Enquirer: 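Handing you a structure now.
Every value quoted in this text rests on a predicted model; they were computed, and no experiment measured them. So that the names make sense, note that chain A is the first sequence line, chain B the second, and so on, each numbered from 1.
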Protein chains: 2
Amino acid sequence: MASPRRTTLADVAQEVGVSAKTVSRVLNGDGPTSRETREKVMAVVEKLGFQPNLMARNIRVGGPDSTVGLIIPDMGNPFFGSVAGGIESAVRERGLTLLMGSCADDPARERALIDTFLARRVSALMVVPTVGADHAHLRTARANGLPVVFLDRPGTGLTADSVVSSNRDGAREGTAHLIAAGHRRIAFVGDRPATLYTRRERLAGYREALDAADLPYDRSLVLDCHTEAEAADAVQRALRDPQPPTAILAANNFAAMGTVLGTTRAGRRDVALVSFDDLPFAEVLEPAITTVAQDPTAIGTAAAEIALARLDGDRTRARTVTVPTRLIPRGSGELPPTTR
Amino acid sequence: MASPRRTTLADVAQEVGVSAKTVSRVLNGDGPTSRETREKVMAVVEKLGFQPNLMARNIRVGGPDSTVGLIIPDMGNPFFGSVAGGIESAVRERGLTLLMGSCADDPARERALIDTFLARRVSALMVVPTVGADHAHLRTARANGLPVVFLDRPGTGLTADSVVSSNRDGAREGTAHLIAAGHRRIAFVGDRPATLYTRRERLAGYREALDAADLPYDRSLVLDCHTEAEAADAVQRALRDPQPPTAILAANNFAAMGTVLGTTRAGRRDVALVSFDDLPFAEVLEPAITTVAQDPTAIGTAAAEIALARLDGDRTRARTVTVPTRLIPRGSGELPPTTR
DNA sequence: ATGAAAGCGCTAACAA
DNA sequence: TTGTTAGCGCTTTCAT
């Protein structure tokens, strides 16, 4: 029942007939070792299935572990997958391994994951902050030299590096695109809660575009939803209004999917849609959806670069990197609507 | 420049004026401690921002780390995100933390990640095997009591627990659905390489359905593709054939997206489609897409349950759990095609 | 309720 | 080229 004690470096050493340190030298390739010893050691390592205990190593060496921790709010969102991919390829070149965990939109869980990573002495910590989370407790770790980077949204209660999309500009451009096509009643479908950073920024961009065109800001055209289903319902309801929108700016991918669902269910093909964040089927839907594409991979890469620079001793003050978005016109919102 | 040595348990002890062991007792709540000591210790811990070094703890305690490792081939695929979510919620109840890494479809990278997790003494290891990877080297670890579970596909070179979808049955049902609607030329759009487990199984199911209906198996109707773009091209080409398919079974989500792209670009709305793996917009597209839905969360949960049972001492032989798929008819493939 | 000493698996520093 | 000793930060064991 009790599993046999795991093979240790000492076991290997004894079996080979050398000292532990020699085995260590062979495995880590630091000190000089004779070709013969090397071969014998490797053979025994293989035979015994020895796996060095990295924790024991790290504890002795004292430095941080060769991992980078990433915490995301939701595994189901492919946006974060792409972000992670960007980080991964950047840190891998430095021999670091990306480990990630999801907190499932739960601030307490985010805190627990942060502690887990800190306790395991990651080299750097990347966090996509969850709504309601506070990051003041990271102050000490950061002060002690741990690079901390916030992605997609700035952290709360802690000034640290962060990488975000050009939310405001992107939303402004997207809205302006609809306005240029002649729309005057444009709904904004955004995430909840309304205090969410990305939501606030994108709403601000939307308003800037309205202002620039001297269009009134109508609070009733701003819809809240956290899920695709909610967005679909909200959109269907809005379309039944006496003064319905003729176009919609969906402020994130879920909102956009819900919007498509909602307009489809309402049997409406004539509602123009611009989506913040690219969509899998943007090109295929009828009409094809114009998007304000983010670059999640670039966000990840930028974050990794900052973290690596910090590891290299960069002690300049915290900066915020803005990754530009790109408007991809795709039919929807391009032609003057029939209701013009 | 050199960051100050991190605060240790001993630092806290000295500051409070007690022994290290006492601080340890307070933090882990094992031995008895006076209320007064507890408060003083906690205060200093807070003040110094002390983070216990879990590696040092684990090394002394000897047991495995309180983490479960998951390796997936691709972060961009939301399917794996859902699988991870299933694992997460199941292991969390046991106080375990899920850590995952992506190998980006690279067998060498998978190997490195496995070694990383082994070296960090995870409690259990879950792997979605990457094409070309071999898992024989996991034998020792498994023999020493480490639970190893393969997801989505069985591992190579190692008999271990695995959890898979009912690929064959699902593909058969999906194909039968198309046949029942009157289709006789049904294309199969599957992943590359053709040796891929899921691809093989699903193709087998497709063939079973053809056989059952006495339809011929036409090799030219089997299309290979690893990306959405490849699938789109392949489908467009197939539709230009003298004897084009009237229906398509897409064997995974990328293939399905590509198929939708391909048929759309070809201006064909009359091609019936059944997709293995549910799609974001299945319901919205015209016509709505019938899917053979997998249950990725259930796959994750099942895998976690097996691993936990192993941790509890279950030493029965390796088993394979099959998670059923579910046919969701949604218009596409329901009505007799015009070409009947 | 608390402390002292020993030791987990490994490597730094010094020998030989 | 190799071995020895000490010690990383923590917990175990045994004392008090």
Enquirer: Is a donor-acceptor pair below 3.5 Å formed from side chain B:Arg121 to base C:dG9, judging by atom type as modelled?
Expert: no
Enquirer: Between B:Ala20 and A:Gly31, which has a closest nucleotide on DNA chain D that is more 5'?
Expert: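 Its nearest nucleotide being more 5', the pick is A:Gly31.
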Enquirer: Counting side-chain heavy atoms from CB outward, which of C:dC10, D:dT2, C:dT2 is closest to B:Pro32?
Expert: C:dT2
Enquirer: Would one find a side-chain N or O of B:Thr37 under 4.0 angstrom from OP1 or OP2 of C:dT2?
Expert: yes
Enquirer: To the side chain of B:Lys21, which of D:dC8, C:dA4, C:dA13 is closest?
Expert: C:dA4
Enquirer: Is the shortest heavy-atom distance from the side chain of B:Arg109 to the side chain of A:Thr97 under 4.5 Å?
Expert: yes
Enquirer: Let's test your reading of the model: under 3.5 Å, does the base of D:dG9 pair with the side chain of B:Arg60 as donor and acceptor?
Expert: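 Flag unset: no donor-acceptor pair detected.
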Enquirer: Under a plain distance cut-off of 3.5 Å, with no hydrogens placed, do A:Thr33 and A:Arg25 share a side-chain donor-acceptor pair?
Expert: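 The answer is no; no qualifying pair exists.
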Enquirer: Whether A:Arg57 contacts C:dT11 is assessed here as follows: a side-chain N or O lying under 4.0 Å from the phosphate OP1 or OP2. Is that the case?
Expert: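 Result: yes.
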Enquirer: Please determine if a side-chain N or O atom of A:Ser24 lies less than 4.0 Å away from the OP1 or OP2 oxygen of C:dC10.
Expert: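 For C:dC10, neither OP1 nor OP2 has a side-chain N or O of A:Ser24 closer than 4.0 Å.
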Enquirer: Side-chain N or O of B:Asn28 versus OP1/OP2 of D:dT11: is the shortest distance under 4.0 Å?
Expert: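 Yes.
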Enquirer: Could one point to a donor on the side chain of B:Arg5 or the base of D:dG9 with an acceptor on the other under 3.5 Å away?
Expert: no
Enquirer: Can you tell me which nucleotide in D:dC10, C:dA1, D:dC8 comes closest to the side chain of B:Ser34?
Expert: C:dA1
Enquirer: C:dA12, C:dA1, D:dT11: which one has an atom nearest the side-chain heavy atoms of A:Asp30?
Expert: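 The listed nucleotide nearest to A:Asp30's side chain is C:dA12.
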Enquirer: Salt-bridged, B:Asp134 to B:Arg111, with N to O below 4.0 Å?
Expert: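 Salt bridge flag = no for B:Arg111 with B:Asp134.
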